[in-house]
Q: 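Sending over a structure as structure tokens; questions will come in a sec.
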Amino acid sequence: MHPAPSVILFTALSGLGFGMLASLGLGNPDVTGLSAFIFFALAFALTIGGLLASVFHLGNPKNAIKAFSQWRSSWLSREGILSVLALSIMGIYAIGAIFLGVRWHVLGATGAILSVATVFTTSMIYTQLKSIPRWNHWNTPVLFLSLTIAGGALMTGQVRCAIAALIIAGVIQIVTWYMGDRRFAARASTIGTATGLGDIGQVRMFEPPHTGTNYLLSEMVYVVGRKHGQKLRVIALGLMVVLPVILLCLSQDHFTGAIAVISHLIGVFVSRWLFFAQAEHVVGLYYGQR
Amino acid sequence: MTSLGTESKVQLGLVIDLDTCVGCHACVIACKGWNTENYGTALSDMDAYGEKPSGTFLNRVHSYEVQPDTGAAQTVHFPKSCLHCTDAPCVTVCPTGASYKRAEDGIVLVNEDACMGCGLCAWACPYGARELDKAAGVMKKCTLCVDRIYNENLPEEDREPACVRTCPAGARHFGDLADEDSAVSKLVSERGGMDLMPELGTRPVNKYLPPRPKDTGEEIDILAPLLAPVATEASGFLGWLDRTLEKI
């Protein structure tokens, strides 16, 4: 799949932002006043910035408002509704914490649940697609949620929680890669089943339907950079998990924390780039590619 | 609503005969011609006269080579467009309600006035039947020429999809696949019509008729013995030349 920068930014930043909001909603750290303002401003900047980035990949954004209508069937619609609900409730909670110096516990807990639920709906947009076997597995929501929790703990300075959550997220990431590499073969879709000609013999692309490229190839048969997949996985894991954990173990001052956060964020970007670039859509079979 | 309701009693679709298709791409052109002037926005081309032309098409013809275990390989031309699936994954993922499957005849359509161009339906389709138009920013797909098949302004013989109407080989058939007595349903049962990627559970309405098996009997050619080469070794002048040249 084409790793569109807008979608990578959206999923990575909003995942981190909603993780922060969940942590703040549960009172970790228990802040009010100016320090609360700084935390909430950062969390809202990440989530709203991420959501805005997602609008940039729409072909026809003027109809985006209609995306709130199909929550009965569409995960993307559910994500839209939940994100607005989560941000609204956390907004009210933030006003209380910043300006009134009070923490409305029930509101905060509700906002935290909605924030995590929003990330779950984001992950389900990918998980539901049978046409992309790598994503079509419980690995996807577990990975997204574990990264959100780890990122949220890291961003809100919950050091012990962050170390544990980062290590868990790293293990889940490795398991997801290992299992994901085997998903396409397990789905048993081949050029033979795609064309229905497999019963006759070995099927090979003889001539493509068009000499140039098209939307399908540029969007769903993206193969650039896959050869560096293993190296990028090591880089992603190192920046996303290993380096932040080492830094947090060594020192807990603000500067080290900031380096750990930046390292984690870059690692998540690399991991998310791979999430798209290594995902193979079955339509590639019609073109003799994957 | 993008939920798939109860299955419609009429399931209009195509039956494509892979034995008959000659790969002329006339259906591709007829489709683009009709659909760029009628339902919805035009099917745009990008850089049409430049170095890297590309464009939106609702129907494309692939060609495959199939090599059986024994015998000669065969070429199969393979037109591919929307299969109007019974369990259409493209419909349920749509967040805006733009994608829908018609209750009355099972045609899967996009309401372009509601489409926001997120492209998720194209991701959900295993068959590559949907293309986001680069100029209009909305999703385009086969409409089964919904503006032809019921169009009383057209002569009756034209009230079928443009691809079917134009096919010079008669490789494309249009009809109600839910009706067991329809011509298309009979064709499917006689010729072993098949689903594409049945393992994905989309239950396509469109069916493909596999190429008929090739003859495997001994080749009978009464003239062949008369054409067998007579001289195995060259003689005379050519023989001398052959031997001399070997020595050099």
Side-chain angles (χ1 to χ4, degrees), chain A residues 1 54 57-80 125 128-132 187-189 191 193-216 218-220 281-283 285-288, chain B residues 1-3 18 28 52-57 60-69 73-76 78 80 89 91-98 113-120 122-128 131-134 136-139 194-201 208 210-211:
Chain A
M1 301 298 292
S54 75
H57 82 281
L58 298 180
N60 195 22
K62 72 175 163 53
N63 283 336
I65 193 77
K66 292 195 168 77
F68 296 110
S69 66
Q70 303 301 312
W71 50 272
R72 286 189 192 86
S73 54
S74 166
W75 282 105
L76 181 49
S77 187
R78 288 170 198 162
E79 180 204 39
I125 294 170
Q128 68 181 334
L129 301 171
K130 286 184 182 168
S131 51
I132 305 164
R187 178 55 47 84
S189 290
I191 192 170
T193 67
T195 59
L197 300 170
D199 293 341
I200 304 174
Q202 283 290 327
V203 185
R204 185 177 77 87
M205 180 94 209
F206 177 68
E207 199 174 32
H210 41 95
T211 50
T213 186
N214 71 347
Y215 171 76
L216 300 174
S218 56
E219 182 76 7
M220 284 169 260
H281 195 291
V282 292
V283 75
L285 295 170
Y286 286 104
Y287 288 89
Chain B
M1 211 65 225
T2 54
S3 303
L18 297 177
V28 178
K52 287 184 178 169
S54 68
T56 311
F57 287 80
R60 295 180 185 268
V61 180
H62 296 245
S63 297
Y64 298 101
E65 180 195 81
V66 189
Q67 175 65 62
D69 290 338
Q74 63 188 101
T75 309
V76 179
F78 190 92
K80 184 163 64 63
V91 171
T92 50
V93 299
C94 177
T96 65
D113 292 334
C115 175
M116 66 175 187
C118 68
L120 189 58
W123 288 12
C125 173
Y127 308 108
E131 299 187 17
L132 189 76
D133 189 86
K134 287 264 166 55
V138 294
M139 196 54 71
M194 58 191 181
D195 290 346
L196 305 184
M197 282 196 268
E199 69 275 11
L200 295 185
Y208 282 77

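So that the names make sense, note that chain A is the first sequence line, chain B the second, and so on, each numbered from 1.
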Q: State, with a plain yes or no, whether a side-chain heavy atom of B/Leu200 is found less than 4.5 Å away from one of A/Val282.
A: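 They are in side-chain contact.
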Q: Out of B/Thr75, B/Val66, B/Asp195, which one racks up the most heavy-atom pairs below 4.5 Å with chain A?
A: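 Answer, by heavy-atom pair count under 4.5 Å with chain A: B/Val66.
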Q: Is B/Cys115 close to chain A through its backbone or its side chain, or both, or neither, when contacts mean heavy atoms under 4.5 Å?
A: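 The backbone, not the side chain.
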Q: Against chain A, label B/Val76 side chain, backbone, both or neither, depending on which of its atoms sit under 4.5 Å from a heavy atom there.
A: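 Side chain only.
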Q: Under a 4.5 Å cut-off applied to non-hydrogen side-chain atoms, are A/Trp75 and B/Leu120 in contact?
A: no
Q: Pick one of side chain, backbone, both or neither for B/Asp133, based on which atoms fall under 4.5 Å of a heavy atom in chain A.
A: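 For B/Asp133, there is no contact with chain A at all, as no heavy atom is under 4.5 Å.
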Q: Verify the distance criterion only: is there a donor paired with an acceptor across the side chains of B/Thr96 and A/Gln70 at less than 3.5 Å?
A: no
Q: OG1 of A/Thr195 to CG of B/Leu18: how many Å apart, nearest 0.5 Å?
A: 8.5 Å
Q: NZ of A/Lys62: more than 12 outside heavy atoms within 6.0 angstrom?
A: yes
Q: Name the member of A/Ala188, A/Gly59, A/Ser54, A/Pro61 that forms the most heavy-atom pairs with chain B at distances under 4.5 Å.
A: A/Gly59
Q: Evaluate A/His210 against B/Phe57 for ring pair (Phe, Tyr, Trp, His ring centres under 6.0 Å), listing each step before the verdict.
A: CA-CA 10 Å; A/His210 41 95; B/Phe57 287 80; 7.9 Å; no
Q: Of all of A/Gly212, A/Ser77, A/Pro209, A/Ser131, which one pairs up most often with chain B through heavy atoms under 4.5 Å apart?
A: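 Most pairs with chain B among the choices: A/Pro209.
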Q: Measuring only between side-chain heavy atoms, which start at C-beta, is A/Leu197 closer than 4.5 Å to B/Pro211?
A: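 In contact.
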Q: What option among B/Asp69, B/Leu132, B/Val28 has the most heavy-atom pairs under 4.5 Å with chain A?
A: B/Leu132
Q: Mind checking what makes salt bridge (charged side-chain N to carboxylate O under 4.0 Å, His left out) contact with A/Glu79, not counting sequence neighbours?
A: none
Q: Before you tell me yes or no, could you show the steps for A/Asn214 and B/Arg60 under side chain to side chain contact (heavy atoms under 4.5 Å, CB included), namely the whole-Å CA-CA distance, both residues' side-chain angles and the distance that decides it to 0.1 Å?
A: CA-CA 11 Å; A/Asn214 71 347; B/Arg60 295 180 185 268; 3.3 Å; yes
Q: Closest approach of B/Val93 and A/Leu129, non-hydrogen atoms and distance?
A: CG1-CD2, 4.4 Å
Q: Checking heavy atoms, do the side chain of B/Pro89, its backbone, both or neither come under 4.5 Å from chain A?
A: neither
Q: Under the side chain to side chain contact (heavy atoms under 4.5 Å, CB included) rule, what do A/Leu76 and B/Met116 come out as? Steps first, then yes or no, please.
A: CA-CA 12 Å; A/Leu76 181 49; B/Met116 66 175 187; 4.2 Å; yes
Q: Please say whether the positively charged group of B/Lys80, taken as NZ for Lys or CZ for Arg, lies over the ring of A/Tyr286, i.e. under 6.0 angstrom from the six-membered ring centre and within 45 degrees of the axis.
A: yes
Q: Distance from A/Leu216 atom CG to B/Cys125 atom SG, nearest 0.5 Å?
A: 8.5 Å
Q: In terms of heavy-atom pairs under 4.5 Å, which option from A/Val283, A/Thr193, A/Ile191 contacts chain B the most?
A: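 Among the listed options, the one with the most contacts to chain B is A/Thr193.
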Q: What residue, out of A/Ser189, A/Ser218, A/Ala64, A/Pro208, has the most heavy-atom pairs lying under 4.5 Å from chain B?
A: A/Ser189
Q: Between B/His62, B/Lys134, B/Gln67, B/Met194, which residue shows the highest count of heavy-atom pairs closer than 4.5 Å to chain A?
A: B/His62
Q: How close do B/Cys94 and A/Ser74 get, counting heavy atoms only, and between which atoms?
A: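 What the structure gives for the nearest pair is O-CB, 3.3 Å.
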Q: Quick one: of A/Gly196, A/Gly288, A/Ala67, who has the most non-hydrogen atom pairs under 4.5 Å with chain B?
A: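 Most heavy-atom pairs under 4.5 Å with chain B: A/Ala67.
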Q: Out of B/Cys118, B/Gly201, B/Ala136, B/Gly55, return the one with the most heavy atom pairs under 4.5 angstrom to chain A.
A: B/Cys118
Q: Ignoring hydrogens, what is the shortest heavy-atom contact between A/His281 and B/Pro126? Give both atom names and the distance.
A: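 Smallest interatomic distance, heavy atoms only, reads CE1-CA, 4.0 Å.
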Q: Given heavy-atom pairs under 4.5 angstrom as the criterion, report whether the side chain, backbone, both or neither of B/Phe78 touches chain A.
A: side chain
Q: In terms of heavy-atom proximity below 4.5 Å to chain B, should A/Arg187 be classed as side chain, backbone, both, or neither?
A: both
Q: What donor-acceptor contacts under 3.5 angstrom involve side-chain atoms of residues 198-205 of chain A, with partners at least two apart or in another chain?
A:
{"from": "A/Arg204", "atom 1": "NE", "to": "B/Glu65", "atom 2": "OE1", "distance (Å)": "3.1"}
{"from": "A/Arg204", "atom 1": "NH2", "to": "B/Glu65", "atom 2": "OE2", "distance (Å)": "3.3"}

Q: In terms of heavy-atom pairs under 4.5 Å, which option from A/Lys130, A/Met1, A/Glu207 contacts chain B the most?
A: A/Glu207
Q: Against chain A, work out which of B/Pro53, B/Ala122, B/Pro210 has the most heavy-atom pairs shorter than 4.5 Å and name it.
A: B/Ala122
